[in-house]
Amino acid sequence: MTVSANNTELQSCELLERSEITGEVFIGGMWCLGDSSPIESVDPLTGMSYWNGASCSTNQVNQAINAACNAFIEWSMTDIEYRIELCQRFAELLKSSSNDLAALIHLETGKPVWECATEAASMIGKVDLSINAYHQRTGVTEADKGEFKTQLSHRAHGAIAVLGPYNFPGHLPNGHIVPALIAGNTIIFKPSELTPAVGEFMVRLWQKAGLPNGVVNLVQGGGDVGEALSRHSGIKGLLFTGSSKTGERIHQSFAHAPNKILALEMGGNNPLVIGSVSDIKSAVYTIIQSAFISAGQRCTCARRLILIENDINKKLLRELSAACEKLVIGGSDDSYYGPVISRSAANRVLAFQSQLETLGAKAVVTCQMVDDHSAVLTPGIWDVSDADGILDEECFGPILQVYWASDLHSAITLANDTKYGLSSGLISDDKKQWQYFYPRARAGIINWNRPLTGASGSAPFGGIGASGNHRPSAFYAADYCAYPVASMLSEHIALPEKLLPGVSL
Ligand SMILES: NC(=O)C1=CN([C@@H]2O[C@H](COP(=O)(O)OP(=O)(O)OC[C@H]3O[C@@H](n4cnc5c(N)ncnc54)[C@H](O)[C@@H]3O)[C@@H](O)[C@H]2O)C=CC1
Ligand SMILES: O=C(O)CCC(=O)N[C@@H](CCC(=O)O)C(=O)O
């Protein structure tokens with residue numbers, strides 16, 4: 001294992017000054033300080049605090065919701081071309097500041113700069129994808145029925161809360177905000193309390209793009225602020241990406257509000273099945289991409305590797321372990337992955353590993369903290385085949401659990417033995433194995449010889465079971481950002497050619 005040094009520490013102050021990141025919140029077009037408890041953002045590579053702000057009070061949450069409600073009618077009545085133009089202006093601003101944005105994501109999450117640059121690029125790409133999705137999935141369509149025509153149009157819901165996670169602090173909330181704005185909703189955005197600076201950066205770009213006051217509002221804070229938003233009668237919906245535990249709580253707070261839209265994108269305990277493989281190196285690379293990218297902090301990451309028992313797969317596991325030992329991790333530009341989000345998150349990953357050990361799992365490679373200050377963890381691989389019970393939990397870090405299965409059928413049974421259902425995949429050169437696997441696998445994403453991670457924004461994205469509530473995001477986000485209105489239209493009132501029996505005029 002090579003642990004690389006962090007090389008961005010010195011540039012961080014200059015970046016924050018240049019980006020005008022001040023730690024304020026944005027309510028009704030005005031920047032101001034949060035007036036509740038202080039929050040800070042800490043670089044998980046150095047433990048250094050670099051962003052200081054404060055949570056919003058309940059009063060400020062109310063003000064932000066009022067501002068979004070007040071701005072709604074006018075915004076939703078604007079021409080779609082105008083809303084698209086503002087989103088395109090936002091994309092231009094993202095382009096011109098993408099180096100700063102990537103550097104800020106790096107600072108706040110510790111992800112390597114190359115990966116942060118791909119996040120910034122995905123945010124830019126999201127605008128055109130969302131415009132396409134708006135036209136294809138929603139928009140307005142008409143059909144001529146002779147005496148009248150039918151029209152299908154879509155309407156925005158109103159003021160909508162967006163709650164973001166920390167692992168893609170820009171890309172994931174952006175994937176809700178852009179389609180919601182195109183559809184004509186107004187937004188109250190609360191970034192993760194672990195990544196407030198990226199949230200502030202994004203909202204400053206929206207302001208620069210020329211959004212009218214109140215159309216996007218930024219509040220900061222943790223679960224309490226998220227809860228105040230989710231329980232507020234003023235919001236017409238909530239778009240959430242985060243853990244299943246939080247998503248379930250939010251779902252409960254929506255129990256008496258069937259009229260509100262709730263999109264839940266949550267975690268997974270994702271299985272990757274290894275069938276008949278001839279190219280071991282490619283399989284190893286695909287497993288690493290599935291399990292360890294972003295230090296395992298992607299909801300699509302493989303958590304369980306299910307190998308069909310044979311000599312090639314035994315060799316494959318040995319080569320996987322050797323490749324993990326060689327991974328470059330840490331803070332430098334040539335790292336494959338960086339830290340998990342915080343020292344306490346790292347400790348939770350290690351506690352999960354200890355639980356596996358207590359259940360009787362055997363270490364293939366042990367996950368370890370690399371030093372006494374950062375949140376960098378080495379990858380871990382644990383054979384849980386003989387463990388006494390399973391932990392059907394999402395461990396959001398670089399730990400992969402290995403199972404051995406006697407055949408494909410039992411591998412699929414193991415793969416489906418989870419309350420989650422986000423991603424699932426098969427690595428195999430045998431097409432028959434894929435044809436057997438695909439209809440039986442239960443998940444929203446089912447891949448063949450491709451990593452479980454790296455989902456395309458031009459496809460729908462989401463899962464079943466504890467992974468989501470059947471409102472996939474990415475290309476289908478357009479669907480939950482608007483509701484359909486069906487009309488039958490005729491310019492003049494006229495009698496039909498033939499009246500119904502029993503009616504005479
Ligand atoms: N399916 C998907 O698309 C994705 C899912 N995730 C999942 O997200 C998790 C990691 O992200 P985290 O930020 O730790 O998730 P989290 O669930 O802790 O937090 C997500 C957001 O919800 C807020 N929140 C926390 N408690 C709340 C409450 N009681 N009411 C309302 N809001 C509350 C947080 O402040 C944050 O803004 C992982 O479990 C991961 O699998 C992450 C990315 C994508
Ligand atoms: O929303 C999109 O444009 C596609 C979905 C996406 O980016 N998925 C990422 C993981 C994000 C996460 O942790 O959920 C991926 O599949 O790697």
Side-chain angles (χ1 to χ4, degrees), residues 39 55 61 109 115 118-119 121-123 125-127 129-130 133 161-176 178-179 189-196 199 219-232 238-254 262-270 289-290 293-294 296-303 340-342 344-345 348 393-397 420-423 443-445 447 450-464 466-469 471-477:
I39 42 174
S55 294
V61 170
T109 64
E115 194 188 344
T118 63
E119 178 165 356
S122 301
M123 291 172 70
K126 183 60 77 182
V127 172
L129 282 170
S130 303
V162 172
L163 299 180
Y166 62 74
N167 62 335
F168 283 87
H171 169 55
L172 292 173
N174 188 58
H176 294 303
V178 172
F189 169 37
K190 191 198 81 61
S192 164
E193 61 276 30
L194 299 170
T195 53
V219 296
Q220 298 279 13
D224 52 335
V225 175
E227 195 145 345
L229 273 170
S230 67
R231 292 188 178 279
H232 200 285
L238 189 148
L239 314 180
F240 172 80
T241 304
S243 64
S244 295
K245 200 170 134 222
T246 306
E248 274 173 33
R249 280 187 75 147
I250 295 172
H251 190 255
Q252 280 163 10
S253 65
F254 272 56
L262 176 62
L264 297 174
E265 292 306 320
M266 305 182 285
N269 187 12
N270 310 307
Q289 282 288 93
S290 299
I293 191 157
S294 313
Q297 296 172 109
R298 292 200 188 190
C299 61
T300 42
C301 273
R303 308 292 173 201
V340 292
I341 193 67
S342 65
S344 49
R348 282 196 297 276
E393 283 168 34
E394 179 188 54
C395 171
F396 215 53
Y420 298 93
L422 184 57
S423 63
I445 295 164
N447 289 350
R450 296 290 305 163
L452 294 192
T453 55
S456 161
S458 56
F461 179 78
I464 57 170
S467 298
N469 65 344
R471 294 201 198 284
S473 62
F475 205 70
Y476 281 11

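Predicted model only: the values in this text are computed from it and were never measured. In listed order, ligands and their atoms are each counted from 1.
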- prompt: Any donor-acceptor pair under 3.5 Å linking the side chain of S244 with the backbone of M266?
  reply: no
message: Tell me whether Q297 contacts the main-chain N or O of I341 through its side chain, where contact means a donor paired with an acceptor under 3.5 Å.
response: yes
field: Counterpart residues, side-chain hydrogen bond (donor to acceptor under 3.5 Å, both in side chains), relative to R298 (two or more places apart)
entry: E115, S294
field: R471 atom CZ: more than 12 heavy-atom contacts under 6.0 Å
entry: yes
Atom pairs and distances, ligand 1 N/O vs protein N/O under 3.5 Å:
| residue | atom | partner | partner atom | Å |
| --- | --- | --- | --- | --- |
| ligand 1 | 1 (N) | M266 | N | 3.1 |
| ligand 1 | 1 (N) | M266 | O | 2.4 |
| ligand 1 | 8 (O) | G242 | O | 3.2 |
| ligand 1 | 8 (O) | S243 | N | 3.2 |
| ligand 1 | 13 (O) | Y166 | N | 3.4 |
| ligand 1 | 15 (O) | S243 | N | 3.3 |
| ligand 1 | 17 (O) | S243 | N | 2.9 |
| ligand 1 | 17 (O) | S243 | OG | 2.6 |
| ligand 1 | 17 (O) | T246 | OG1 | 2.8 |
| ligand 1 | 29 (N) | E227 | OE1 | 3.1 |
| ligand 1 | 35 (O) | K190 | NZ | 2.8 |
| ligand 1 | 35 (O) | E193 | OE1 | 2.7 |
| ligand 1 | 37 (O) | G164 | O | 2.8 |
| ligand 1 | 37 (O) | K190 | NZ | 3.0 |
| ligand 1 | 39 (O) | E394 | OE1 | 2.4 |
| ligand 1 | 41 (O) | E394 | OE1 | 2.9 |
| ligand 1 | 41 (O) | E394 | OE2 | 2.6 |

- prompt: Would you find a donor on one side and an acceptor on the other, under 3.5 Å apart, between the side chain of N270 and the backbone of S423?
  reply: yes
- prompt: Under a 4.0 Å heavy-atom cut-off, what residues line ligand 2?
  reply: K126, N167, F168, H171, L172, R298, C299, T300, T453, G454, A455, G457, F461, A474
- prompt: Excluding sequence neighbours, so at least two apart, what forms ring-ring contact (aromatic ring centres under 6.0 Å, His included) with H171?
  reply: F168
- prompt: Side chain of S55, backbone of G221: donor and acceptor closer than 3.5 Å?
  reply: no
task: Give a yes or no answer on whether the side chain of E119 reaches the backbone of G170 with a donor-acceptor pair at less than 3.5 Å.
output: yes
task: Count the heavy atoms belonging to other residues, nucleotides or ligands that lie under 6.0 Å from CZ of F254, then report whether that count exceeds 12.
output: yes
